[in-house]
J.: 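Here it is: the structure, laid out below.
Chain identifiers are assigned alphabetically (A, B, ...) following the order of the sequence lines, protein sequences preceding nucleic acid strands; residue numbering begins at 1 within each chain.
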Amino acid sequence: MQLELAARGDQQNSDATPRPQPFSPDQLARELNPAQAEAVVHPPGPLLVVAGAGSGKTRVITYRLARLVAGGADPRRIVAVTFTNKAAGELRERADKLLWERIRVGSRGLWVGTFHSISARLLRQWGEAIGLRKDFVIYDDDDQKRLLGRVLTDLKVPERMFPVRQVLSVIDRAKNQGQSAAAFQSNDYFDDVVGKAYRLYEERLAAANATDFGGLLLSTLQLCASDTPAAREIAERFDHVLVDEFQDTNSVQYRLVRLLSRRTGSITVVGDEDQSIYRWRGADIRNILDFEGDHPGAKIVKLEQNYRSTGNILRAANSIIEKNSERRPKRLFTEAGDGDPIVIFEGETERDEADFVASRIEAGLSAARAPRDFAVFYRTNAQSRVLEDALRARDLPYSVVGGTRFFDRAEIKDLIAYMRAIANPDDGLSLQRIVNVPARGIGAATVDRIGDLVYARKISAWQALELVSTDDQLLGTGPRKKVAAFVELMRRLRAESAGLGPAALAEKVLELTGYRDALAGEATLEAEGRIENLLELIAQMREYEREAEEPTLYGFLERVALASDVDGYDPDKGAVSLMTVHTAKGLEFPVVFITGLEERIFPHARSVDDDSAVEEERRLCYVAVTRARQQLYLSCVRRRRLSGQELPGMPSRFLRDLPSEGIEQIVTSRPPEYTDYSSQGRGPWGGRWSRDEPEYPLNRPVPKRPVAAAPGTRRKPGELTVEYDGDAAPGSGLQVGSKLRHPSFGVGEVRAWQGQGADLKVTIKFPAVGVKTILARFLSNP
DNA sequence: CCGTGCTAAGTTTTT
DNA sequence: CTTAGCACGG
């Protein structure tokens, strides 16, 4: 009782009372299944937990971590690595809770984070040992592309033969495998050029005091492997290492983990080869398959009992994944009943599919099922649009997780670029972005000259700016003065930045640069939206300042650079979730729709010719299926419009692999007529679809004639309701130019309207989605 | 130097 | 179909 009342920070006193037995065999037997308990109590040393989907993986990690601490381990000397910030946050929260409940110790000082954030942290502390400054910035892939583009131009490499994307992917692959620019091997002409580009790219990165995603990890590995006092300190730093999603580690990450755990040998990895879906990003499935061989005496525990899904869903998942060969045999089981049958929908077009999804969600809403309980998955981001339209048409709240990121918007990147340039004067890329934003008369010609100067004299962009603003030989008087004014502006901002938090600094930037005034002066809806976005960013900065232990400008910039798609998922939004299958990993929902299950969509066209790529697609499908708790819908269509052209669709091979029991099928289409698309074939979709390609029949015969969709299930698309939030009352002065707010589209401007009362239709232009004609139902009057 | 209008191009998954 | 990049005219 006394213990219950002990204050949270009161650690000394807890020793006075007898300690409870928080992890006694009895207790564990009550809270864990035998396999879970085995993993939790295994003594420190190499341990691989093969955790099937929904088998209580996070539970095992938190219990094991807590038990290590209960046994005397210091939380500050434990590092737990995850793949997303969201997973890291969850792990920290659950570990903290368990530690407090059971042994009155918090998780304070525990290192939990993604590979990238932990690397950044190590580099900021010890990176100087390998010549890295503490204040480096992190370039995202857009920055990488721009930097490499400039490198390729300077090397006079023909763009046709060496597209930036392709060169970058080779460089990235090399980095993921631990090959630095110096060590880059080339066997052919292409790689010779890539090697040259790689070296110059790295040179420029270093000059900009910047690093990229791959570099973050590679530098950390180099640091840890170096013969320096810093490396020895790091080797002493951690007693226990835990790694989540181990199947997705690449070679560099794996070596890093081994170095961190080498001294004590206490390394716990948790993963599932069946859920390895990041091979294209360098993940090496062998890391998990060979773990035993690499760690003599390693213990392996398999978790096969699933606590998430119904029997029908689990059987479907098993039958899909069983076709793979690169895996240890494993079969998930559940003590739950069969549950509802899985529903397969086969429609005519992607609109029918979207409408089916929306109608089922609408019908499924009840006291027990809120919008947040539904998730819709797709293979590629481009597929989300039709689904969004269909949900909108039924007024269902939805939220697209990932996709075009908030941080990718132009105005956000501009502001971030200012902050980066203030934090790090050497960041040429950011300087280039903002030097003429808002327009201050510094044109492309001037920027080019400064860029040439940087290249020719091997100076930083900032030095070049300072140089041309004082030396009247280099630029004409007009441009020179303008550049000088910009230099002065940046100096002033830097001077003012001292002592300001990120949010206050951002406001200063918007004010002093005239950015906000420039937008306000435009007085358009787009500009209004941009200002709103900037305010949102500043609000995020404030939130960061509240949360972070030690908020700094670098800290915020790092958080921005390392934010992941799924980090934006918030169940409390109360909306139907739309996301790619990749983003869905690690999440679960009562009802799941997997759409676009067609050959060349899922599995993707780029994968169908390569057996091992198809295995990855199969794992992806397995991940998608195992997200569902109670109800699973799978859908495919016979004709799909994708980037302009319509292509015929064949049911995915994954549908053919489903068991014949526990499935309900809804068909509203018929197979497409034979069409020879070979003459029109263009690009990767290269639409050949001939008789030679195998048809994958579903389990029931397909009707000869199309069956009409149920009547009354579909409203006219584009009909929506808006909430009144403007400067005109209905009937009493609604006019062109009035502002209205729509729950999904935001504020829009009235273009035209017709009718009145309940039949009032208004045409509105929304900055976000364009012009829409809407059935307006005014909910409130001013 | 800047904004507009057009054409052409490219379309997987993301820390 | 969308978006990005480019040429042109002001």
J.: I need the CG-C1' distance between A:Asp212 and B:dT14, as an integer number of Å.
T.: 14 Å
J.: Look at all strands and tell whether A:Phe213 reaches a base, only sugar-phosphate, or nothing, counting heavy atoms closer than 4.0 Å.
T.: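 Here A:Phe213 touches the bases of the nucleic acid.
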J.: Which residues satisfy the ring pair (Phe, Tyr, Trp, His ring centres under 6.0 Å) test with A:Phe115, sequence neighbours excluded?
T.: A:Phe83
J.: Does A:Thr84 place a side-chain N or O at less than 4.0 Å from the phosphate oxygens OP1/OP2 of B:dT15?
T.: no
J.: Partners of A:Arg440 by side-chain contact (heavy atoms from CB on, under 4.5 Å), sequence neighbours excluded?
T.: A:Tyr418, A:Asn436, A:Pro438, A:Ile442, A:Phe486, A:Leu489, A:Thr513
J.: So if I take every side-chain heavy atom of A:Tyr278 and compare against B:dC1, B:dT14, B:dC2, which nucleotide ends up nearest?
T.: B:dT14
J.: Cut-off 3.5 Å, side chains only: do A:Thr380 and A:Gln383 have a donor facing an acceptor?
T.: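 Short answer, yes.
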J.: Taking only side-chain nitrogens and oxygens of A:Ser117, does any of them come within less than 4.0 Å of OP1 or OP2 of B:dT15?
T.: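 Answer is no, no contact under 4.0 Å.
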J.: At under 4.0 Å between heavy atoms, what does A:Ala445 touch on the DNA or RNA strands: base, sugar-phosphate, or nothing?
T.: sugar-phosphate
J.: Check the phosphate of B:dT14 against A:Thr583, side-chain N and O only, distance under 4.0 Å to OP1 or OP2. Yes or no?
T.: yes
J.: Is the ring centre of A:Trp280 under 5.5 Å from the base ring centre of B:dT13, and are the two planes under 30° apart, so that they stack?
T.: yes
J.: Under 4.0 Å between a side-chain N or O of A:Asn436 and OP1 or OP2 of B:dC2?
T.: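 Looking at the OP1 and OP2 atoms of B:dC2, one of them is under 4.0 Å from a side-chain N or O of A:Asn436.
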J.: So is the aromatic ring of A:His582 stacked onto the base of B:dT13, judging by whether the centres are under 5.5 Å apart and the planes are under 30° apart?
T.: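 According to the criterion (under 5.5 Å, under 30°), no, A:His582 does not stack.
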J.: Round to the nearest Å and state the distance from A:Arg606 atom CZ to B:dT13 atom C1'.
T.: 11 Å
J.: Quick one: A:Asp567 CG to B:dT14 P, roughly how many Å, whole number?
T.: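 To the nearest whole Å, that distance equals 13 Å.
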J.: Take a 6.0 Å sphere around CZ of A:Arg258 and say whether it holds more than 12 heavy atoms from other residues, nucleotides or ligands.
T.: yes
J.: Roughly, in whole Å, what's the span from CG in A:Asp389 to C1' in C:dT2?
T.: 14 Å
J.: Whole angstrom is fine here: how far is it from CZ in A:Phe115 over to C1' in B:dT14?
T.: 16 Å
J.: Are the aromatic rings of A:Tyr398 and A:Phe593 close, with centres under 6.0 Å apart?
T.: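 For A:Tyr398 and A:Phe593, the ring centres are not under 6.0 Å apart.
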J.: Nearest to the A:Thr446 side chain among B:dT12, B:dT15, B:dC1, which nucleotide is it?
T.: B:dC1
J.: Provide the distance between the two P atoms, one in B:dT11 and one in C:dC6, to the nearest whole Å.
T.: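 Between the two P atoms, the distance is 15 Å.
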J.: Quick one: A:Asp140 CG to B:dT14 C1', roughly how many Å, whole number?
T.: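 Taking atom C1' of B:dT14 as the reference, CG of A:Asp140 is at 12 Å.
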J.: When you match A:Pro479 and A:Leu620 each to their closest nucleotide on DNA chain B, which lands nearer the 5' end?
T.: A:Pro479
J.: Just checking, is any N or O donor in the side chain of A:Asp284 or A:Tyr278 under 3.5 Å from an acceptor N or O on the other one?
T.: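 The criterion, which ignores hydrogens and geometry beyond distance, is not satisfied for A:Tyr278 and A:Asp284.
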J.: When the distance from CD1 of A:Ile118 to P of B:dT15 is rounded to whole Å, what number comes out?
T.: 16 Å
J.: Measuring from the side chain of A:Asn381 (C-beta onward, heavy atoms only), which nucleotide among B:dT13, B:dT15, B:dT11 has the closest atom?
T.: B:dT13
J.: Side chain of A:Arg165 only, heavy atoms from C-beta on: which candidate in B:dT11, B:dC2, B:dT15 is closest?
T.: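 Nearest nucleotide to the side chain: B:dT11.
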J.: Start at the 5' end of DNA chain B and walk down; is the nucleotide closest to A:His116 or to A:Ala439 reached first?
T.: A:Ala439
J.: So which nucleotide from B:dC1, B:dT13, B:dT15 ends up closest to the side chain of A:Thr380?
T.: B:dT13
J.: Rounding to an integer number of Å, can you tell me how far A:Met579 CE sits from B:dT12 C1'?
T.: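 Distance check: A:Met579 CE to B:dT12 C1' gives 17 Å.
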